[in-house]
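Values reported hereafter were calculated over all heavy atoms of this structure, with side chains retained and with hydrogens, waters and symmetry mates removed. Chain A is the first sequence line, chain B the second, and so forth, proteins listed ahead of strands; every chain is numbered from 1.
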There are 2 protein chains.
Amino acid sequence: MEPMELRQLRYALAVAETRNFTRAARQCFVAQSALSHQIGSLEKELGVQLFARTSRRVELTPAGEAFLVRARQCVEAAELAVAEAAAAVGEVRGRLKVGIIPTVTAVDIPTVLQHYREQHPQVGVSLHMGASDAMSAQVAAGELDVAFLGLPDSREPQGVEARELTREKLVAVVSPDHPLADQKKVTLRRLADSPFADFPVGSQGRAQSDLAFEAAELEREVAYELMSAELMLRIVSRGLAVALLPAPLARAHPGVRVLSVIDGPRRVEYVAWSRFNPSPATRAFLAALP
Amino acid sequence: MEPMELRQLRYALAVAETRNFTRAARQCFVAQSALSHQIGSLEKELGVQLFARTSRRVELTPAGEAFLVRARQCVEAAELAVAEAAAAVGEVRGRLKVGIIPTVTAVDIPTVLQHYREQHPQVGVSLHMGASDAMSAQVAAGELDVAFLGLPDSREPQGVEARELTREKLVAVVSPDHPLADQKKVTLRRLADSPFADFPVGSQGRAQSDLAFEAAELEREVAYELMSAELMLRIVSRGLAVALLPAPLARAHPGVRVLSVIDGPRRVEYVAWSRFNPSPATRAFLAALP
DNA sequence: TCGCACCGATCGCGCAACACGATAGATCTA
DNA sequence: TAGATCTATCGTGTTGCGCGATCGGTGCGA
């Protein structure tokens with residue numbers, strides 16, 4: 001019996017993705033008969049059914065689930081091997097998965113991506129938004145290549161390599177009608193009387209503010225929870241709530257007043273990447289960051 | 001141009017291992033011409049030389065080094081995929097790399113290995129001796145599947161999953177001629193007058209004792225440093241030094257006196273495995289441990 | 001209920017690529 | 001200089017991969 005080959009893994013992954021032999025074959029640019037035959041001989045060699053197929057539906061067997069996790073790693077490693085070889089002669093190729101929080105301020109993401117793509121047109125970039133915790137876990141698990149994270153200044157990224165990009169104090173944003181609107185400086189104590197818009201409980205964005213109020217032994221009401229800084233600012237401008245946000249985001253938004261907070265929380269922004277063997281595309285991205 | 005296949009990676013790995021096309025071909029059970037051709041077409045597709053060959057010597061180019069790291073991961077993932085598929089129908093196959101410190105007491109390694117092999121004859125087992133720190137790093141890096149570790153009771157394994165096997169107090173061993181030989185109990189204070197045999201500086205085995213002497217604010221002389229408990233006991237029996245060791249090891253050795261140490265250090269023995277996707281062979285090993 | 005659309009398995013055929021053995025060419029050794 | 005060693009290359013045979021066509025089974029709609 002012939003040993004397993006990458007082609008069979010690629011076909012099997014396509015079937016798992018589409019749950020359909022015919023579409024999988026199209027995706028692999030081969031005839032359905034060829035793909036069927038390869039899957040069949042793969043299953044014969046393994047001695048296990050990977051797919052349970054009725055003529056109407058294709059599903060993964062438990063064996064198929066377990067097998068394809070490794071098969072995916074295998075194919076990814078093969079792509080990375082090609083990318084490494086190309087990188088050794090100065091050509092950066094491959095794909096790059098970037099995670100960003102909704103409050104990146106240290107760098108202008110579109111500019112960074114534009115420069116990166118100009119320097120390395122052979123790299124396909126995909127962007128993903130998310131929370132710092134989820135994304136640093138994804139980086140550690142290899143599901144993201146790099147991620148921009150924001151943490152309270154008392155914390156550090158866990159389980160990943162990281163570089164500090166900026167360290168800044170959050171500012172308060174209030175609507176022009178707010179009683180504090182004409183102040184230049186406020187304290188948490190005075191802000192705590194108003195309802196807040198903030199990030200969802202559990203996110204590091206929320207922790208940035210929560211920790212400060214805890215340290216000051218103050219209670220506050222969070223009336224709105226959302227992951228979007230943009231929406232948060234619009235809610236503030238309507239006078240529905242106040243918020244603590246990074247200064248660059250706050251100042252870029254019209255229709256709100258920005259107040260410095262004397263005992264306000266500090267946050268740190270990091271760029272994080274995997275501890276183990278970042279891909280050439282990842283190394284190039286980190287090198288291209290200011 | 002054809003896409004890369006596992007066959008080419010297997011051949012390339014064999015060449016990297018043997019540094020010789022002819023021997024690599026034998027290892028792969030193909031003719032040398034076939035292997036040469038595959039390597040050639042692989043290099044052509046990558047657009048990079050992987051091997052610098054004179055007709056006398058074969059060496060890896062930098063591109064080859066980088067490429068083969070990933071290629072190795074790729075074929076290992078392929079093997080694991082096969083093992084996972086087999087495991088899904090109850091057959092445990094594959095290879096298992098076990099790391100052990102020289103002072104395992106919680107389990108009898110030969111017995112464990114014997115039972116494991118009887119239950120899972122399809123698994124090839126390889127044993128490696130080493131220090132706790134080095135081996136837990138190897139487990140984290142995927143170079144070992146499981147490792148038995150010994151740590152001071154104030155520490156825990158880092159970067160790996162681990163299960164505590166036993167927690168015990170170290171005993172003192174002295175030669176029958178030693179002034180303390182007839183005591184049943186001693187203190188660190190009284191032991192500290194004698195020269196010690198102990199594990200090398202930096203190892204966790206050494207840390208077990210060092211921490212205890214530091215806590216007691218005592219100085220001692222370590223006259224002999226070695227990684228073998230067996231040798232350590234022979235040195236002790238000759239009267240050249242005293243030592244602190246796990247009780248089961250000490251009692252198993254003739255020609256030494258074993259003393260309990262009132263303020264003696266405690267150690268914990270763990271079995272550790274990788275955080276990420278242990279192989280079927282690894283899962284079976286952990287399940288087979290008492 | 002019948003026909004039709006959909007889907008995977010199978011078969012026969014043509015071709016590409018893989019492996020083999022032999023040999024050429026290069027390099028180091030005695 | 002002869003020989004040993006090692007990789008590249010060439011010509012040849014075979015295998016297995018992909019293709020198109022077709023079959024058989026299933027669910028849906030008229």
Side-chain angles (χ1 to χ4, degrees), chain A residues 1-61 63-64 67-68 71 74-75 78 82, chain B residues 1-61 63-64 67-68 71 74-75 78 82:
Chain A
M1 187 142 317
E2 307 263 307
M4 189 167 70
E5 288 298 338
L6 275 175
R7 172 182 31 255
Q8 300 174 301
L9 302 186
R10 287 190 265 257
Y11 290 179
L13 288 176
V15 172
E17 207 178 301
T18 62
R19 316 234 148 197
N20 179 312
F21 278 56
T22 309
R23 276 194 289 279
R26 265 201 291 274
Q27 184 175 312
C28 296
F29 301 105
V30 293
Q32 172 260 321
S33 61
L35 185 136
S36 267
H37 183 255
Q38 288 297 326
I39 299 287
S41 68
L42 175 59
E43 289 179 325
K44 198 168 104 192
E45 185 192 331
L46 295 173
V48 184
Q49 288 267 133
L50 299 177
F51 302 100
R53 50 265 215 194
T54 68
S55 70
R56 212 60 201 167
R57 192 188 340 275
V58 174
E59 276 171 23
L60 278 168
T61 64
F67 177 82
L68 285 162
C74 179
V75 174
V82 176
Chain B
M1 188 143 315
E2 307 265 304
M4 190 167 69
E5 288 299 339
L6 275 176
R7 174 180 29 254
Q8 302 175 299
L9 302 186
R10 288 190 265 257
Y11 291 178
L13 288 176
V15 172
E17 206 178 300
T18 62
R19 315 232 150 199
N20 178 311
F21 278 56
T22 309
R23 276 194 289 277
R26 265 201 291 274
Q27 184 177 311
C28 297
F29 302 103
V30 293
Q32 172 261 320
S33 62
L35 185 138
S36 267
H37 183 254
Q38 287 296 327
I39 299 288
S41 70
L42 175 58
E43 290 178 325
K44 198 168 104 190
E45 186 192 330
L46 295 172
V48 184
Q49 288 264 129
L50 299 177
F51 303 101
R53 51 265 214 197
T54 67
S55 69
R56 210 59 203 167
R57 193 189 338 277
V58 173
E59 274 170 24
L60 278 167
T61 63
F67 177 82
L68 285 164
C74 180
V75 303
V82 176

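Q8(A) and S41(A) make their closest contact through NE2-OG, 3.3 Å (heavy atoms, listed as atom of the first residue, atom of the second, distance).
Separating the CD atom in E5(B) from the CZ atom in R7(A) is a distance of 4.5 Å, to the nearest 0.5 Å.
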> Hey, mind stepping through I39(B) and L50(B) against side-chain contact (heavy atoms from CB on, under 4.5 Å) and telling me if it holds?
Replying inline: CA-CA 9 Å; I39(B) 299 288; L50(B) 299 177; 5.7 Å; no
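A close approach under 4.0 Å does occur between a side-chain nitrogen or oxygen of T22(A) and OP1 or OP2 of dG8(C). For the pair N20(B) and dT7(D), the criterion of a side-chain N or O lying under 4.0 Å from OP1 or OP2 is met. Taking only side-chain nitrogens and oxygens, R53(B) comes nearer than 4.0 Å to OP1 or OP2 of dA8(D).
Atom pair R57(A):CZ and dT26(D):C1' shows a separation of 11 Å (rounding to whole Å applied). For the pair E2(B) CD and dC17(D) P, the computed distance is 11 Å after rounding to whole Å. As rounded to whole Å, 12 Å separates atom P of dG16(D) from atom CD of Q8(A). The distance between atom CE of M4(B) and atom P of dA17(C), rounded to the nearest whole Å, is 17 Å. Atom C1' of nucleotide dT9(D) and atom CD1 of I39(B) are separated by 16 Å, given to the nearest angstrom. For R23(B) and dT7(D), the CZ to C1' distance is 13 Å, given to the nearest whole Å. Rounded to whole angstrom, the span from the CD atom of E5(A) across to the P atom of dG16(D) amounts to 12 Å. One can place CZ of F21(A) at 16 Å from C1' of dG24(D), the figure rounded to the nearest angstrom.
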Write out a two-atom table: protein N or O, nucleotide N or O from nucleotides 19-23 of chain C, distance below 3.5 Å.
{"from": "dA19(C)", "atom 1": "OP1", "to": "Y11(B)", "atom 2": "OH", "distance (Å)": "2.8"}
{"from": "dA19(C)", "atom 1": "OP2", "to": "Q38(B)", "atom 2": "NE2", "distance (Å)": "3.4"}
{"from": "dC20(C)", "atom 1": "OP2", "to": "A31(B)", "atom 2": "N", "distance (Å)": "2.2"}
{"from": "dG21(C)", "atom 1": "O6", "to": "S33(B)", "atom 2": "OG", "distance (Å)": "2.9"}

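Out of dA8(D), dT10(C), dC17(D), the shortest distance to the side chain of S36(A) is found at dT10(C).
Under the salt bridge (charged side-chain N to carboxylate O under 4.0 Å, His left out) criterion, E43(A) pairs with R53(A), not counting sequence neighbours.
Using a 4.0 Å cut-off between a side-chain N of Lys or Arg and a carboxylate O of Asp or Glu, E2(A) and K44(A) do not qualify as a salt bridge.
With contacts defined as side-chain heavy-atom distances shorter than 4.5 Å, the pair F51(B)/T61(B) does not qualify. Contact check for L6(A) versus L6(B): side-chain heavy atoms found under the 4.5 Å cut-off.
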